[in-house]
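These notes concern the structure reproduced below.
Within every chain, numbering begins at 1; the chains are lettered A, B, ... in the order of the sequence lines, protein sequences first and strands thereafter.
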There are 2 protein chains.
Amino acid sequence: MPGKTDLSELNCSLARTLAIVGDWWTLLIVRDACIGVRRFGDFQDSLGIAKNILATRLQQLCAAGIMARSGPERRPLYQLTEKGRALLPAMVALMQWGDRFASANKPPVIVTDTSGRPIAPVTLRNNRGDVASEDVRFAAGPGANARTRAFLDALRTAEMKRDV
Amino acid sequence: MPGKTDLSELNCSLARTLAIVGDWWTLLIVRDACIGVRRFGDFQDSLGIAKNILATRLQQLCAAGIMARSGPERRPLYQLTEKGRALLPAMVALMQWGDRFASANKPPVIVTDTSGRPIAPVTLRNNRGDVASEDVRFAAGPGANARTRAFLDALRTAEMKRDV
DNA sequence: CTGTATCCTTAAAGATACTG
DNA sequence: CAGTATCTTTAAGGATACAG
């Protein structure tokens with residue numbers, strides 16, 4: 001992105017994730033890989049992406065350890081690593097949001113287990129069960145720096161002051 | 001993004017979601033909103049984003065129904081709508097991935113319920129319990145067009161032919 | 001404080017041609 | 001088929017100044 005800020009500096013795991021997979025094509029490539037695409041040309045056909053862009057993205061994904069290249073040098077296979085497959089819950093959650101709000105509840109693609117049983121809507125849970133989105137809170141974690149701590153403190157204080 | 005493809009055309013809910021919230025700043029703004037940020041200036045301070053960019057994003061988010069503007073015209077509040085809060089599972093899943101792979105398991109921010117109980121790692125489940133990422137499959141859904149169907153069929157056939 | 005209006009820079013995206 | 005090498009376009013991001 002033009003003249004941009006380095007999101008990975010932001011002391012925020014979401015920002016760091018987006019700095020790695022947050023651009024327009026990367027998650028779609030990962031999605032295709034999940035579905036079973038492995039060849040350069042198949043990614044290209046599936047996405048309608050320019051070859052140079054695709055080549056760059058695949059290199060980045062391999063460098064990031066999200067995908068791995070194997071097979072013949074002339075006609076390699078690109079496959080997800082464990083780290084790449086770990087993106088699945090996030091990807092499916094994004095898909096489900098799109099199913100609901102951007103595809104009018106008519107999913108172009110449905111997600112199932114090996115027996116065809118549908119994957120349930122992704123929810124947030126604690127050790128007792130689902131947690132509603134209104135009940136979710138954020139707090140400083142072990143990786144928080146002073147700025148992040150101050151920021152969260154300030155917010156908490158502001159809420160105390162009855163901001164509504 | 002420069003000279004770009006319209007992802008929303010892709011007959012894919014993930015692409016459509018990314019077309020709405022898939023740029024570098026939008027999800028971070030949503031995250032801040034989740035945490036409790038509501039003021040223009042607070043978003044700006046938190047993210048270090050330029051004012052014009054922030055203004056554009058907030059407009060887009062409001063237009064998309066993800067955030068809503070309220071309060072005095074001179075000093076409005078920006079808050080998530082139901083549609084916006086529905087992004088939480090996806091956001092948390094992305095954060096968790098970053099916690100693990102981009103923050104060395106030292107989360108800058110932790111997510112809890114109202115009692116401080118931690119939110120568990122987001123997983124994929126069917127009606128019986130967790131589904132491992134290797135056991136996830138994709139199939140054409142009610143919103144699939146001919147191209148998507150053909151694509152998924154072709155992949156399935158290719159796998160039959162013993163690709164791996 | 002919350003924007004809007006300009007201007008500028010830059011690099012991402014795409015098209016095309018070429019190579020092994 | 002799987003790239004690499006260029007070239008061009010273009011619009012996103014950012015800085016600044018200004019306004020209500």
Side-chain angles (χ1 to χ4, degrees), chain A residues 1-10 15 18-29 32-33 37-63 67-79 154-155 158 161 163, chain B residues 1-10 15 18-29 32-33 37-63 67-79 154-155 158 161 163:
Chain A
M1 321 59 242
K4 54 168 293 295
T5 304
D6 184 358
L7 294 186
S8 61
E9 299 296 325
L10 275 187
L18 294 176
I20 299 171
V21 299
D23 85 285
W24 296 77
W25 289 118
T26 303
L27 271 185
L28 293 175
I29 294 171
D32 268 16
V37 177
R38 296 196 188 86
R39 303 287 191 193
F40 188 93
D42 292 334
F43 285 109
Q44 210 192 331
D45 292 344
S46 166
L47 297 173
I49 184 178
K51 293 163 81 167
N52 46 359
I53 312 287
L54 175 59
T56 306
R57 288 296 180 286
L58 288 172
Q59 281 170 15
Q60 290 169 341
L61 284 166
C62 289
M67 297 189 73
R69 179 184 167 135
S70 63
E73 194 61 33
R74 312 296 310 282
R75 198 152 175 277
L77 296 170
Y78 293 94
Q79 288 172 267
L155 273 175
K161 282 195 305 186
D163 194 358
Chain B
M1 318 60 242
K4 54 169 295 291
T5 304
D6 184 359
L7 295 185
S8 61
E9 299 297 324
L10 276 185
L18 294 176
I20 300 171
V21 298
D23 85 284
W24 296 79
W25 289 118
T26 302
L27 271 185
L28 294 176
I29 293 171
D32 268 16
V37 177
R38 297 196 188 87
R39 302 288 191 193
F40 189 92
D42 291 335
F43 286 108
Q44 210 191 335
D45 292 345
S46 166
L47 298 172
I49 185 177
K51 293 161 83 165
N52 47 357
I53 312 288
L54 176 59
T56 306
R57 288 296 181 284
L58 288 173
Q59 281 170 13
Q60 291 169 342
L61 284 166
C62 289
M67 297 189 74
R69 177 184 169 136
S70 63
E73 194 61 32
R74 313 296 309 282
R75 198 153 175 276
L77 295 170
Y78 293 95
Q79 288 172 267
L155 272 175
K161 284 195 306 188
D163 197 351

For R69(A), side chain to side chain contact (heavy atoms under 4.5 Å, CB included) partners two or more places apart: C62(A), E73(A), P76(A), Y78(A)

Shortest side-chain distance from W24(B), nucleotide among dG13(D), dG3(D), dA12(C): dG13(D)

Heavy-atom check, side chain of F43(B) versus side chain of I29(B), under 4.5 Å: yes

Which residue lies more 5' along DNA chain D, comparing Y78(A) with I53(B) via nearest heavy atoms: Y78(A)

Between dA2(D) (C1') and I29(A) (CD1): distance, integer Å: 15 Å

5' precedence on DNA chain D between R75(A) and T56(A) (nearest-nucleotide basis): R75(A)

Helix axis bend for the helix from dC1(C)-dG20(D) to dG20(C)-dC1(D) - C1'-based end axes, five pairs, 10° rounding: 50°

Base dG20(D) paired with R74(B) side chain (donor-acceptor, <3.5 Å): yes

Sugar-phosphate only, base, or nothing, as touched by F43(A) at under 4.0 Å among non-hydrogen atoms: nothing

Residue list, side chain to side chain contact (heavy atoms under 4.5 Å, CB included) with A55(B), at least two apart or on another chain: F40(B)

For T56(B), all residues meeting side-chain hydrogen bond (donor to acceptor under 3.5 Å, both in side chains), sequence neighbours excluded: none

So which protein N/O to nucleotides 15-19 of chain C N/O distances come out below 3.5 Å?
from: dA15(C); atom 1: N6; to: N52(A); atom 2: ND2; distance (Å): 2.2

Set of side-chain hydrogen bond (donor to acceptor under 3.5 Å, both in side chains) partners for D32(A), sequence neighbours left out: S46(A)

F40(B) side chain, from C-beta outward: closest of dA2(D), dG3(C), dG20(C): dG3(C)

